[in-house]
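Read through the structure below, which is laid out as structure tokens, and then see the notes.
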Amino acid sequence: MSKGGKSDQEEGEENMAAWLVGLNTLKIQPFKLPPLGPHDVRVRMKAVGICGSDVHFLKTLRLADFVVKEPMVIGHECAGIIEEIGSEVKNLVPGDRVALEPGIGCWRCDLCKEGRYNICPDMKFFATPPVHGSLARQVVHPADLCFKLPDNLSLEEGAMCEPLSVAVHACRRANIGPETNVLVMGAGPIGLVTLLAARAFGAPRIVIVDVDDYRLSVANNLGADGVVKVSTNMQDIPEEVERICEVMGAVGVHVTFDCAGFNKTMSTALSATRAGGKVCLVGLGHNEMTVPLTPAATREVDIIGIFRYKNTWPLCIELLRSGKIDVKPLITHRFGFSQKEVEEAFETSARGGDAIKVMFNL
């Protein structure tokens, strides 16, 4: 998390960032960094992706219980180049290319001590109010949350470690392996990286569901074993579950990842998952849902949730380095860092359609 105040930047250089200053209003303005602590690094941002949560904050100034009450620097999917290191930093040097994990746990609470720092109640996370984000020329961040990229990975791929981490954490939570048939609800950016991660974890058959033909075609190109186009109408669920089960085959769905988090997607997930299976809620589209819990309970379908991720960057980097996962096809649009391009980039991401991952090159 860029801590919001100043570092010893090069004399005469003013750090600039994209600030969310009001509803549907972003402005590039000066951003003063904090002093560089002994265990911190100063990073020049080079690649920053737009996440659905960034768009949600722009459109509504809130996401679940997080409310934007004052101007905030946006962005959290990022990678850059080390420019300065703190006095106690041993594992990084200026010039290293790094991917940044955006959340800092308190390391004092029981959850942090148990290793579940992703659900630390005092976590400071890029672009989650009141913490500033990383769509800036420079940020200051703890060195232990900056992961060096191998030579064969681009900085854009480094930034993609953040959405990929969501999928890797979900696959770990759901124990995906070679005997786990997977259904993915939603072929947006998170649904597509979940497809890629589930395959890398060994899932033998993966079916993905969406309302959009283009995104289903992308899923096909990424190696989905089957795709099912669905509607937004609740009354269509029984017929669509039947089609999903036909496409999946006789063994059925062991694990469903709901990467949308709506009444319909969760209801479909619970109905399509075989007895004894699991539904993992990844997307958080609705804060409250009405879903058929009792029928799922009688089939002992487990429901698990995920929030962010923990200890995923090393694995994500290795999956990318080894070629087991290729996220490059997901980066569909690129923009520079000017006022006009920042506005256009967020409009493009919000519009959806053929925009999967919109990336800034700073």
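Small disclaimer: the values here were computed from a predicted structure and weren't measured.
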Hey, does [Y] have a side-chain heavy atom less than 4.5 Å from the side chain of [X]?
| X | Y | result |
| --- | --- | --- |
| L284 | H56 | no |
| F337 | L135 | yes |
| T348 | T332 | no |
| R215 | P189 | yes |
| V93 | I82 | no |
| P142 | I104 | yes |
| M185 | V230 | no |
| M45 | V43 | yes |

To the nearest 0.5 Å, tell me how far [X] [atom1] sits from [Y] [atom2].
| X | Y | atom1 | atom2 | result |
| --- | --- | --- | --- | --- |
| H132 | S134 | NE2 | OG | 12.5 Å |
| K46 | R137 | NZ | CZ | 8.0 Å |
| D96 | N91 | CG | CG | 8.5 Å |
| N118 | F125 | CG | CZ | 10.0 Å |
| N175 | K278 | CG | NZ | 4.0 Å |
| R62 | K69 | CZ | NZ | 9.0 Å |

Do any N or O atoms from the side chain of [X] and from the backbone of [Y] form a donor-acceptor pair under 3.5 angstrom?
| X | Y | answer |
| --- | --- | --- |
| E341 | G336 | yes |
| E240 | S231 | yes |
| T298 | P295 | yes |
| S217 | Y214 | yes |
| S349 | A345 | no |
| R172 | Y309 | no |
| R97 | A79 | no |
| S322 | L319 | yes |
| Q339 | I28 | yes |
| D225 | I206 | yes |

Could you list the residues that satisfy ring-ring contact (aromatic ring centres under 6.0 Å, His included) with F262, not counting sequence neighbours?
H286
Under 6.0 Å from the [atom1] atom of [X], do we count more than 12 heavy atoms belonging to anything else shown?
| X | atom1 | value |
| --- | --- | --- |
| Q29 | CD | yes |
| E114 | CD | yes |
| R116 | CZ | no |
| N233 | CG | yes |

Common cluster, [X]/[Y], ILVMFWY with side-chain heavy-atom separation under 4.5 Å:
| X | Y | result |
| --- | --- | --- |
| M266 | V228 | no |
| W313 | I81 | yes |
| L155 | L330 | yes |
| V253 | L281 | no |
| V166 | M160 | yes |

Shortest non-hydrogen contact from [X] to [Y]?
| X | Y | value |
| --- | --- | --- |
| K357 | G49 | CD-CA, 4.4 Å |
| L100 | G80 | CD1-N, 4.3 Å |
| A203 | T180 | CB-O, 3.4 Å |
| I306 | C280 | CG2-SG, 3.6 Å |
| L26 | L20 | CD2-CA, 3.7 Å |
| Y117 | K310 | OH-CA, 3.3 Å |

Parallel, tilted or perpendicular: which one describes the rings of F31 and W19, with boundaries at 30° and 60°?
perpendicular
Please state whether the rings of F335 and H333 are parallel, tilted or perpendicular, taking 30° and 60° as the class boundaries.
parallel
List the steps, then state whether side chain to side chain contact (heavy atoms under 4.5 Å, CB included) holds for V301 with V279.
CA-CA 7 Å; V301 174; V279 172; 3.9 Å; yes
Assess the residue pair C146 and L92 against the criterion (side chain to side chain contact (heavy atoms under 4.5 Å, CB included)); give the C-alpha distance rounded to whole Å, side-chain angles, the decisive distance to 0.1 Å, and a yes or no.
CA-CA 9 Å; C146 295; L92 296 168; 3.9 Å; yes
From CA spacing to verdict: side chain to side chain contact (heavy atoms under 4.5 Å, CB included), I74, F346
CA-CA 11 Å; I74 202 78; F346 272 86; 4.0 Å; yes
Which of these, I244, V227, L216, sits in a side chain to side chain contact (heavy atoms under 4.5 Å, CB included) with V209?
I244
Side chains of S154 and E157: donor-acceptor distance under 3.5 Å anywhere?
yes
Could you give me the CA-CA distance, side-chain angles and deciding distance for V327 and E156, then say whether side chain to side chain contact (heavy atoms under 4.5 Å, CB included) is met?
CA-CA 9 Å; V327 292; E156 288 188 339; over 6 Å; no
State plainly whether the residues E318 and R321 are in salt-bridge range, i.e. N to O under 4.0 Å.
yes
Could you tell me which residues satisfy salt bridge (Lys or Arg N to Asp or Glu O under 4.0 Å) with D326, sequence neighbours excluded, listed by chain and number?
K328
